[in-house]
Every structure is written in structure tokens, then in C-alpha cells.
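See structure below.
Fair warning: this is a prediction, and the values are worked out from it, not measured in the lab. Below, chain A is the first sequence line, B the second, and so on; all start at residue 1.
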There are 2 protein chains.
Amino acid sequence: MGRCRGNAWWQGRFRGCGYRVTAGREIILDALTKTDKHLSAEDIYLSVKKSCPGIGLATVYRTLEILVEMGLVLKFDFGDGRARYELAEGPNKEANHHHHLICAGCKRVIDYTDFIEDEVELLRKTEKGLSEKYNFDIKSHVIQFYGLCEKCKTK
Amino acid sequence: MGRCRGNAWWQGRFRGCGYRVTAGREIILDALTKTDKHLSAEDIYLSVKKSCPGIGLATVYRTLEILVEMGLVLKFDFGDGRARYELAEGPNKEANHHHHLICAGCKRVIDYTDFIEDEVELLRKTEKGLSEKYNFDIKSHVIQFYGLCEKCKTK
DNA sequence: CCTCTATTGATAATGGTTCTCATTATCAAT
DNA sequence: ATTGATAATGAGAACCATTATCAATAGAGG
């Protein structure tokens with residue numbers, strides 16, 4: 001780990017898209033790889049700043065935009081006014097597909113992986129049908145449930 | 001239509017929640033009822049201003065917040081930096097359930113109602129399961145597909 | 001009609017995100 | 001290894017959708 005070149009998997013994709021491989025991009029992708037939380041741009045900025053104090057917030061935003069465009073990272077809106085980012089794929093993430101339960105009261109976000117099998121089957125069918133009908137290339141999807149969590153429903 | 005009291009259906013819900021019924025709230029809800037577009041707060045402000053020139057933008061935001069909280073209106077994020085609003089239910093909207101295809105290129109949004117039957121069945125099952133497992137009251141859900149539309153995929 | 005207070009409109013403030021630009025770093029060609 | 005073209009960066013200003021403030025107004029029960 002650390003400086004090892006197990007990270008090479010994404011460098012090829014970067015170069016293939018015409019992007020240069022930089023220390024900032026590597027460390028930002030690292031931060032996303034090493035967590036299963038829903039990080040905001042500022043979360044990532046503060047985390048990355050520890051090992052790379054000179055990095056700027058704008059670089060974090062710019063890098064995240066590229067990562068989202070390439071499909072390596074997913075961007076979510078949980079309704080609290082700031083975007084959240086999660087690794088979409090990678091060496092340890094293939095089987096990490098999940099969706100979100102968002103509490104309208106405390107804004108807490110619960111990841112769930114239940115019912116994913118049925119969902120995947122329906123989504124596969126739906127994506128295929130939509131692609132054909134609208135001639136639309138589907139790259140990703142978002143499924144979110146809104147409601148009140150255990151604590152907030154009693155208030 | 002117009003000043004008729006066919007709008008009474010929502011007035012009871014307003015009063016039941018402790019909110020007063022005002023001209024501004026009525027006309028904002030009217031604007032949402034009379035369209036099937038995804039309106040931003042400013043879209044609604046400009047539309048409502050025609051028949052109610054004195055209304056303020058802040059009132060539109062405040063009213064939308066209440067409508068979303070009551071579940072009468074759904075709030076979406078299509079990734080262009082401003083929220084969009086759609087009527088969730090009402091006298092003519094019960095059978096209007098649909099989801100969104102969002103083009104990452106031109107930001108166009110396509111509504112689709114295909115495969116809704118299968119989806120509804122899966123969602124019903126999923127919502128039931130999630131409610132029980134996490135003791136979470138689900139009020140609404142969002143399903144969105146991201147990708148490239150017919151025009152943008154060729155560029 | 002009157003009172004209480006929620007609501008409103010105008011506007012300032014907020015804050016996440018994007019833009020600007022001079023400087024620095026990447027990388028293919030040498 | 002060096003160089004040159006140019007992509008990337010950092011600092012901070014700018015942007016702009018949304019929220020907060022506050023005095024004036026209007027809804028609704030009595």
C-alpha cells in the first residue's frame with residue numbers, strides 16, 4: 001500500500017482521457033478509496049490537507065468534477081446544500097452497490113444494500129428499455145428514499 | 001376554475017398543519033398544478049408575478065419549503081445548481097408518477113413513465129422491508145438515470 | 001371591528017461552488 | 001537528463017441560489 005503502484009489502474013484511465021496524473025489527483029482519489037462515508041468537497045479538502053498541506057480547495061472541486069465525469073466517482077445531493085461524493089468503482093468497490101435512506105428530520109443518511117438483487121434485475125431491464133426507447137446511454141442511476149428515521153418520527 | 005373553490009382540497013391540509021391560507025400560497029400551488037414542467041423557484045416567481053406583481057421571491061421559497069414538507073410538492077436536483085419543483089399529488093396528479101432521465105451533456109431532463117408498474121411493485125416491497133428493518137417512515141423516493149442523450153452521445 | 005400573530009416583501013447576508021490569472025508541474029520529444 | 005508546450009495548481013475574488021432579518025401587513029378567531 002502507500003506509494004505502491006497498485007494505484008496504476010486509474011492512471012491509465014486518466015491518461016486515456018487526456019488528463020495528466022498528478023499528486024493532488026492521486027491523493028484525492030486515495031481519500032475516497034479509503035472511506036465508505038459520504039464526503040463533501042470540504043471533508044475531502046481537510047482530509048487531504050493533512051498529508052498535502054499546500055493543496056487548494058479549488059483543486060479538490062476540479063478533480064472531483066473530472067472523477068464524476070469519468071464515472072469513477074458518484075455525486076449525490078442529500079438536501080443539505082452541499083454535494084457528497086463516493087467512489088463508484090475500483091479495486092475494492094465492485095460489490096459495493098448500495099442506495100440511500102435520507103431522514104428529512106436530522107438529515108442522517110443510511111446506506112442499505114438490502115433488496116439490491118431484485119433492484120439490479122429491474123434496473124437492468126429498465127435501463128435496457130429506456131436506452132432503446134429514448135436512444136439514451138445510461139451511465140449511472142440514483143435511488144434515494146426520503147422519510148423520517150426512528151428518532152425523528154416520534155417527535 | 002380561477003377563483004372557484006375546487007382548490008379547497010389543499011386548504012384543509014394547510015389549516016390542519018397550522019398554516020394560514022393566503023393568496024400567495026394559493027397562486028404558487030396553482031402555478032405548479034397547471035404545468036408538467038420542472039420549475040425552478042425563479043421560474044415559479046416569474047410565472048406568479050404576472051397575476052400577482054407584488055409577490056416576493058422569498059415568499060416563493062418559503063411556500064415551496066412548506067409544500068415540500070407537507071408532501072404536496074417534490075423537490076429535485078438535476079445537477080445544474082438550482083432546485084426543481086413538481087406537484088406530487090392533487091386532483092389531477094394521482095396517476096402522474098414518473099421518473100427522470102438526465103443528460104450529462106446538455107442537462108436535458110426526460111420524464112418517463114415506462115416500466116412504472118414493475119417499479120411500483122419493487123418499490124412497494126423495498127419500502128416495506130426498509131421500513132421494518134430500519135424503523136424508518138418512507139415518505140417519498142427519487143429515481144434518476146444519468147447518461148447521454150441521443151444528440152450528446154455522438155459528440 | 002379588534003386583537004394577536006403568522007405572513008409578507010425588500011433587501012442584506014450566507015455559503016457552496018466556480019472563475020481568474022500568474023505560477024508551477026507534467027510529459028513527449030529531444 | 002533537458003527542454004518546451006501546455007495542462008494543472010493555489011489563492012482569492014466572483015458568482016448566484018438560497019436563507020435570514022425586520023418592519024409592515026393581513027388572516028382568523030372572538
Side-chain angles (χ1 to χ4, degrees), chain A residues 5 7-8 10-29 31 38-46 48-70 73 75-85 107, chain B residues 3 5 7-8 10-29 31 38-70 73 75-85 107:
Chain A
R5 293 294 97 178
N7 298 316
W10 62 270
Q11 299 194 357
R13 287 191 59 170
F14 254 77
R15 294 212 179 83
C17 292
Y19 295 118
R20 293 178 180 174
V21 172
T22 71
R25 287 170 180 175
E26 177 166 13
I27 202 171
I28 288 169
L29 195 47
H38 322 100
L39 301 177
S40 68
E42 195 180 357
D43 290 337
I44 295 167
Y45 172 62
L46 293 175
V48 158
K49 225 173 159 51
K50 290 180 207 160
S51 56
C52 186
I55 202 163
L57 181 55
T59 296
V60 174
Y61 276 104
R62 281 184 293 232
T63 301
L64 287 170
E65 187 182 4
I66 290 173
L67 292 171
V68 169
E69 183 224 314
M70 290 176 58
V73 167
K75 181 179 182 178
F76 295 97
D77 167 43
F78 295 150
D80 66 344
R82 65 187 59 192
R84 306 284 172 157
Y85 301 86
K107 308 296 180 192
Chain B
R3 287 291 120 193
R5 294 294 97 179
N7 299 316
W10 60 270
Q11 300 194 356
R13 289 190 58 170
F14 255 78
R15 294 211 178 85
C17 293
Y19 295 118
R20 291 181 182 172
V21 172
T22 71
R25 287 170 180 176
E26 177 166 13
I27 202 171
I28 289 169
L29 195 46
H38 322 101
L39 301 177
S40 68
E42 195 179 357
D43 290 337
I44 295 168
Y45 172 62
L46 293 175
S47 160
V48 158
K49 225 172 158 52
K50 290 180 204 157
S51 56
C52 187
I55 202 164
L57 181 56
T59 296
V60 174
Y61 275 105
R62 281 183 294 231
T63 301
L64 287 171
E65 188 182 5
I66 290 172
L67 291 171
V68 169
E69 184 224 314
M70 289 175 58
V73 167
K75 181 179 183 178
F76 295 97
D77 166 43
F78 295 151
D80 66 345
R82 64 186 60 192
R84 307 285 172 157
Y85 300 86
K107 307 297 178 189

Could you tell me how far apart [X] ([atom1]) and [N] ([atom2]) are, to the nearest whole angstrom?
{"X": "B:Asp80", "N": "C:dT17", "atom1": "CG", "atom2": "P", "result": "14 Å"}
{"X": "A:Gln11", "N": "C:dC27", "atom1": "CD", "atom2": "P", "result": "8 Å"}
{"X": "B:Glu65", "N": "D:dA17", "atom1": "CD", "atom2": "C1'", "result": "14 Å"}
{"X": "A:Asp43", "N": "C:dG16", "atom1": "CG", "atom2": "P", "result": "11 Å"}
{"X": "B:Arg25", "N": "C:dG9", "atom1": "CZ", "atom2": "C1'", "result": "14 Å"}
{"X": "B:Leu67", "N": "C:dT7", "atom1": "CG", "atom2": "P", "result": "12 Å"}
{"X": "A:Ile27", "N": "D:dG10", "atom1": "CD1", "atom2": "P", "result": "11 Å"}
{"X": "A:Ile55", "N": "C:dT23", "atom1": "CD1", "atom2": "P", "result": "21 Å"}

Counting any heavy atom closer than 4.0 Å, what does [X] reach on the DNA or RNA strands: base, sugar-phosphate only, or nothing?
{"X": "B:Arg82", "answer": "sugar-phosphate"}
{"X": "B:Gly54", "answer": "sugar-phosphate"}
{"X": "A:Ala23", "answer": "nothing"}

Query raised in the report: With both distances under 3.5 Å as the test, what is the Watson-Crick or G-U wobble partner of D:dT6?
Result: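 Paired with C:dA25.
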Query raised in the report: Counting only Watson-Crick or G-U wobble pairs whose two distances fall under 3.5 Å, which nucleotide matches D:dG30?
Result: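 Because both required distances fall under 3.5 Å, D:dG30 counts as paired with C:dC1.
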Below the 4.0 Å mark, does [N] have OP1 or OP2 next to a side-chain nitrogen or oxygen of [X]?
{"X": "A:Tyr61", "N": "C:dT18", "result": "no"}
{"X": "B:Thr59", "N": "C:dG9", "result": "yes"}
{"X": "B:Thr22", "N": "C:dT8", "result": "yes"}

Query raised in the report: Please walk me through it: do B:Leu67 and B:Phe14 pass side chain to side chain contact (heavy atoms under 4.5 Å, CB included)?
Result: CA-CA 9 Å; B:Leu67 291 171; B:Phe14 255 78; 3.8 Å; yes
Query raised in the report: Between A:Ala58 and A:Glu42, who's closer to the 5' end of DNA chain C by nearest nucleotide?
Result: A:Glu42
Requested in this report: Run the numbers on B:His38 and B:Phe76 for ring pair (Phe, Tyr, Trp, His ring centres under 6.0 Å), then give the verdict.
Outcome: CA-CA 9 Å; B:His38 322 101; B:Phe76 295 97; 7.4 Å; no
Query raised in the report: Counting side-chain heavy atoms from CB outward, which of C:dT7, C:dA25, D:dG10 is closest to A:Arg20?
Result: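 Minimum distance to the A:Arg20 side chain belongs to C:dA25.
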Report summary line: B:Tyr19 has its side chain closest, among C:dT7, C:dT17, D:dA8, to C:dT7
Query - Minimal non-hydrogen separation, A:Ala31 against A:Val48, with atom names - result: CB-CG2, 4.0 Å
Query raised in the report: For A:Val60 and A:Ala41, which heavy atoms make the closest approach, and how far apart are they?
Result: CG1-O, 3.6 Å
Query raised in the report: Does a distance-only test, which skips hydrogens and angles, find a donor-acceptor pair under 3.5 Å between the side chain of A:Arg62 and the base of D:dG10?
Result: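 Pair found.
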Query - Partners passing salt bridge (charged side-chain N to carboxylate O under 4.0 Å, His left out) against B:Asp77 (at least two apart in sequence or in another chain) - result: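 For B:Asp77, no residue satisfies salt bridge (charged side-chain N to carboxylate O under 4.0 Å, His left out) once neighbours in sequence are set aside.
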